[in-house]
Number of protein chains: 2
Amino acid sequence: MSSSVPIGTVSRETGIKVPTIRYYEEVGLLPSPARTDSNRRSYDAAAVQRLRFIRHARELGFEVEAIRQLLTLSDQPDRSCAEVDGIARSHLKEIDEKIARLTALRQEVQRMVDEGAHGRVAECRVIEVLGDHTACLHDAH
Amino acid sequence: MSSSVPIGTVSRETGIKVPTIRYYEEVGLLPSPARTDSNRRSYDAAAVQRLRFIRHARELGFEVEAIRQLLTLSDQPDRSCAEVDGIARSHLKEIDEKIARLTALRQEVQRMVDEGAHGRVAECRVIEVLGDHTACLHDAH
DNA sequence: CCTACATCCTCTAGTGACTAGAGGATCAAG
DNA sequence: CTTGATCCTCTAGTCACTAGAGGATGTAGG
């Protein structure tokens, strides 16, 4: 079966560069994989999926520490409720804020595309839309 | 009027550290502000708003080059339609993908909070939800 | 079996985007 | 007119990668 692939294949499948995969192992985001007789890393499907998760989470602006916590949720689903709940809730808040800001930005960029199609971009308010509209998300609560 | 504040005040108002503000100036995200007689930077309201935009955009995972482009949209609203439209559209796509992934992640983390409240977190699928569900967003044109 | 070339290994160093600190000038309060 | 906060520039450190040197191992063709 192919549930034991070398690092290059994993790199191609996930879009994460080889040295970066080794880096994630070094900093503890990815468990050290099994090694072949000749000391080469060999990954299973779970590792590939974990890497894909890490990549998307990074692209969404979560920092490594936040990803570590989200992965902890996943690694220990039978963990004490309070702890998991706390971590999950705080990230839920972070995620909601990100979605709200992105939605605001999306709307404004969409407006520009629409107006641009009609011949002229009257005014651009991308700055305003993230600049203060969403600032209240921080203070509100 | 207060439309001329020093860097420390701007830092407090935006939550961006003083050296970072100077860094943004250095790399051209923020125009060099006016200086006082004693060579100190003095910022107007527009600069503060621009910095807030930069901060939020960074938190959302946009890299400096993307932010530079979005700021360009804002700086030159009467620019040639095609160019603005192209930049805007490509970012619209990027934004939509981010929103889709965040929404998927949000749903899963919410589920964990809900189940956690009921006493047990059966399984955690945060990895799966970003790991491949959204992978098709990449390929699906 | 042997060459050739890709892929792997470790290790060191470089990049992008900050962030902290040294050393010194300037301002505002008492 | 001193004291403490804030500013200046400049250099160096951090985080999260990313590239490259130098060498071992694997796979395919002759």
Side-chain angles (χ1 to χ4, degrees), chain A residues 2 4-44 47-48 50-71 94 98 130, chain B residues 2-44 47-48 50-72 94 98 130:
Chain A
S2 74
S4 206
V5 286
I7 200 166
T9 308
V10 174
S11 173
R12 251 165 274 125
E13 281 176 17
T14 60
I16 301 176
K17 292 177 180 150
V18 169
T20 307
I21 296 173
R22 292 197 271 248
Y23 169 76
Y24 286 149
E25 179 184 339
E26 194 184 303
V27 298
L29 281 189
L30 192 67
S32 301
R35 298 278 185 140
T36 65
D37 292 349
S38 58
N39 199 35
R40 294 176 176 212
R41 292 167 178 83
S42 94
Y43 296 92
D44 58 11
V48 173
R50 193 178 179 98
L51 279 168
R52 259 200 272 266
F53 172 82
I54 294 170
R55 174 167 163 245
H56 290 313
R58 289 287 305 141
E59 282 173 7
L60 291 171
F62 291 96
E63 45 195 53
V64 164
E65 187 48 40
I67 296 172
R68 205 188 304 277
Q69 288 186 7
L70 288 168
L71 286 172
E94 191 182 348
K98 280 177 192 286
L130 276 194
Chain B
S2 74
S3 74
S4 205
V5 287
I7 200 167
T9 307
V10 173
S11 173
R12 251 165 275 127
E13 281 176 17
T14 59
I16 302 176
K17 291 179 181 151
V18 169
T20 307
I21 296 172
R22 292 197 272 245
Y23 169 76
Y24 285 149
E25 180 184 338
E26 193 184 303
V27 299
L29 281 189
L30 192 67
S32 301
R35 298 278 184 139
T36 66
D37 292 349
S38 57
N39 199 35
R40 295 176 174 211
R41 290 167 178 85
S42 93
Y43 296 92
D44 58 11
V48 173
R50 194 178 177 98
L51 279 168
R52 259 200 273 267
F53 172 81
I54 294 170
R55 175 167 160 243
H56 291 313
R58 289 288 304 141
E59 282 172 9
L60 291 170
F62 290 96
E63 43 196 53
V64 165
E65 188 46 40
I67 296 172
R68 205 188 303 277
Q69 288 186 6
L70 287 169
L71 286 172
T72 303
E94 192 183 347
K98 280 177 192 284
L130 275 194

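Lettering of chains follows the sequences in order, A, B, ..., and the numbering in each one begins at 1.
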Residues of residues 22-37 of chain A with any non-hydrogen atom less than 4.0 angstrom from an atom of DNA chain C: list those, numerically ordered, please. A:R22, A:R35
Please report the end-to-end axis angle for the helix from C:dC1-D:dG30 to C:dG30-D:dC1, five pairs per end, rounded to 10 degrees. 10°
What residues form a side-chain hydrogen bond (donor to acceptor under 3.5 Å, both in side chains) with A:S42, not counting sequence neighbours? A:S4
About how many Å separate CD1 of A:I67 and CZ of A:R50, when rounded to the nearest 0.5 Å? 11.0 Å
May I ask you to evaluate whether B:T20 reaches the phosphate of C:dT19, defined as a side-chain N or O under 4.0 Å from OP1 or OP2? yes
Rounded to the nearest 0.5 Å, what separation is found between the CG atom of A:L51 and the CG atom of A:L30? 4.5 Å
From CD of B:E63 across to P of C:dC18 the rounded distance in Å is 11 Å
Let me know the distance between CD1 of B:I54 and P of C:dA17, rounded to the nearest Å. 12 Å
Do A:V48 and A:T9 touch side chain to side chain, with heavy atoms closer than 4.5 Å? no
Within the structure provided, determine whether B:L29 and B:Y23 are in side-chain contact (heavy-atom separation under 4.5 Å). no
Once you round it to whole Å, what is the distance between P of C:dC18 and NZ of B:K17? 11 Å
How many Å lie between CZ on B:R58 and C1' on C:dA17, as a whole number? 6 Å
Closest-nucleotide ordering on DNA chain D, the 5'-leading residue of A:E65 and A:R40: A:E65
Value in whole Å for how far the C1' atom of C:dA17 lies from CZ of B:R55: 16 Å
Which residue pairs pass the salt bridge (charged side-chain N to carboxylate O under 4.0 Å, His left out) test when at least one of the two sits in residues 10-24 of chain B, sequence neighbours left out? none
Residues which pass side chain to side chain contact (heavy atoms under 4.5 Å, CB included) with A:E65, listed by chain and number, not counting sequence neighbours: A:R68, A:Q69
Using chain B heavy atoms and a threshold of under 4.0 Å, write down where along DNA chain D the contacts begin and end, 5' to 3'. D:dT6 to D:dT9
Looking at every non-hydrogen atom in both residues, tell me the closest pair between B:P6 and B:Y43 and how far apart they are. C-CD1, 4.3 Å
Output all residues satisfying salt bridge (charged side-chain N to carboxylate O under 4.0 Å, His left out) with B:R58, sequence neighbours left out; order by chain, then residue number. none
Would you check if A:I54 and A:T14 make a side-chain contact, meaning some heavy-atom pair closer than 4.5 Å? no
Partners passing salt bridge (charged side-chain N to carboxylate O under 4.0 Å, His left out) against A:E25 (at least two apart in sequence or in another chain): A:R41
